[in-house]
Protein chains: 2
Amino acid sequence: MVVDATDPEDARGELERRLGEQLNALISAAHALSVRAAAHFDAGLQPAAFHLARWLYAFGPTNASTLATAVAMDRSAVSRLVGQLRRLGFVRSDPDPQDRRGVIIALTPAGQQRIVAAIAERGLAFQERIAHWSDADLAQLVALLSRLNTPGGADPPR
Amino acid sequence: MVVDATDPEDARGELERRLGEQLNALISAAHALSVRAAAHFDAGLQPAAFHLARWLYAFGPTNASTLATAVAMDRSAVSRLVGQLRRLGFVRSDPDPQDRRGVIIALTPAGQQRIVAAIAERGLAFQERIAHWSDADLAQLVALLSRLNTPGGADPPR
DNA sequence: TATATTGATGGACATATGTCCACCATATGG
DNA sequence: CCATATGGTGGACATATGTCCATCAATATA
């Protein structure tokens, strides 16, 4: 596809297309690393439980329904997996003070440590790639990703 | 954790830690979108096949073994899934001229179109977030991600 | 109080996925 | 030529996952 860079609309569209391409490559590569990280997290644990724990680590506590929507899982499945994680002491689920039908699911310190350890391996893979980056470039990337990750431009709901 | 920003070593480590955190959030959020994108790709197709197709779209043709390693799957599974994709006309597998035991697996134009269409939905989710970004910031992010995604600093093995 | 709604849990079952193994074709080394 | 190694395919089976449904407790509404 040939793009006329002098046309502002097309230039913007091209930028967006290239962002999609780069995100796709990143996510595609990260998937394999995630599979291996999940295996490291806990041997007696279903891999899908790792996704839940990681989401909780990334975005903080929520109730079961929100969590189910966020990770694109059935509520039944989330309930089962949270049960596993709770039995292993990696998450806690306290009744929601606002609506006592619901529960607030949160990582325990033990769970947080496990996540950090499991992710460390993946960290190594990327650390090699940024080894020769300047601090300025690295800081810039972190800042831009941070902005990309907070939909409203506000702080994440920790 | 309190970091002494005047110590260059700690500042660098802190940057790397924050990059890990941001990547984790991005990957965690992207996972749910990927699940939905896979469903859009083809109804009669196993979701895992979408991962294969996406990897081929992101990184280009390879042989079955390399593909299996890259996506952290068993060779048997890759063989089965590639078979499905081939039957649907989304990939081609030609014998490797270098080693005629092996095959080179590549997306067909039809497969490429499907991937682009399936990813478009996810694109919309991110497009909202970057709607108010300046072209300069967007271009900067694309450039930095591009550098992050090419391990050796060289061009990807298309 | 009676009724309907909502959040969560867990059983039951179908489907998808991971893994092991046997097999075939080619390649490699003696 | 023979033995062995390697890339790929597909069968068989165990496990993980997705989905539907019944159930319970707390809310909300009348």
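By convention in this document, chain letters (A, B, ...) are assigned in the order of the sequence lines, proteins followed by strands, and residues within each chain are numbered from 1. Since the model is a prediction, treat every value here as computed from it, not as a measurement.
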Worksheet item: Rounding to a whole Å, what distance do you find between A:Gln84:CD and D:dT17:C1'?
Response: 11 Å

Practice prompt. Measure the distance from CE on A:Met73 to C1' on D:dT17 and round it to the nearest whole Å.
Written response: 9 Å

Item to complete: In whole angstrom, give the distance that lies between atom CD of A:Gln98 and atom P of C:dT6.
Response: 19 Å

Item to complete: Enter the distance from B:Leu107:CG to B:Phe90:CZ here, rounded to the nearest 0.5 Å.
Response: 10.0 Å

Worksheet entry | Closest listed nucleotide, where the reference is the side chain of A:Ser76 and the choices are C:dT9, D:dT9, C:dT17 | C:dT9

Fill in: d(CG, B:Leu67; P, D:dT9) in whole Å
11 Å

Discussion item. Using whole Å, what does the distance between atom P of nucleotide D:dT9 and atom CZ of B:Arg87 come to?
Written reply: 11 Å

Worksheet, complete the sentence: Heavy-atom nearest nucleotide on DNA chain D taken for A:Ala72 and for B:Gly83; more 5' hit belongs to B:Gly83

Practice prompt. Would you mind reading off the distance between A:Leu45 atom CG and D:dA16 atom P, rounded to a whole angstrom?
Written response: 10 Å

Worksheet item: Roughly, in whole Å, what's the span from CG in B:Leu81 to P in C:dT19?
Response: 13 Å

Worksheet entry | A:Asn24 side, atom CG; B:Leu145 side, atom CG - distance, nearest 0.5 Å | 12.0 Å

Discussion item. Is the phosphate of D:dT17 approached by A:Gln46 (side-chain N or O, under 4.0 Å from OP1 or OP2)?
Written reply: yes

Worksheet item: Within the structure shown, what part of the strands sits under 4.0 Å from A:Arg75 by heavy-atom distance: base, sugar-phosphate, or nothing?
Response: base

Worksheet item: Base, sugar-phosphate alone, or nothing: which one does B:Val78 contact when heavy atoms must sit under 4.0 Å apart?
Response: nothing

Practice prompt. Hey, which sits more toward the 5' end of DNA chain C by its nearest nucleotide, A:Asp74 or B:Asp74?
Written response: A:Asp74

Worksheet item: On a plain distance test, is the side chain of B:Arg80 in donor-acceptor contact with the base of C:dT19 below 3.5 Å?
Response: yes

Worksheet entry | Distance-only side-chain donor-acceptor flag, B:Asn63 / B:Ser65, under 3.5 Å | no

Fill in: Over 12 foreign heavy atoms within 6.0 Å of CZ, B:Arg100
no

Worksheet item: Separation of B:Asp99 atom CG from C:dA25 atom C1', in whole Å?
Response: 11 Å

Response to the item:
Interatomic distance, CZ@A:Arg75 vs CZ@A:Arg80, rounded to 0.5 Å, equals 14.0 Å

Discussion item. If you only use heavy atoms from C-beta on, which nucleotide in C:dT19, D:dT17, D:dG7 is closest to the side chain of B:Ser65?
Written reply: D:dG7

Practice prompt. Could you please name the option among D:dA26, D:dT6, C:dA8 that lies closest to any side-chain atom of A:Arg101?
Written response: D:dA26

Worksheet item: Is B:Asn63 touching bases, backbone alone, or none of the nucleic acid, heavy atoms closer than 4.0 Å?
Response: sugar-phosphate

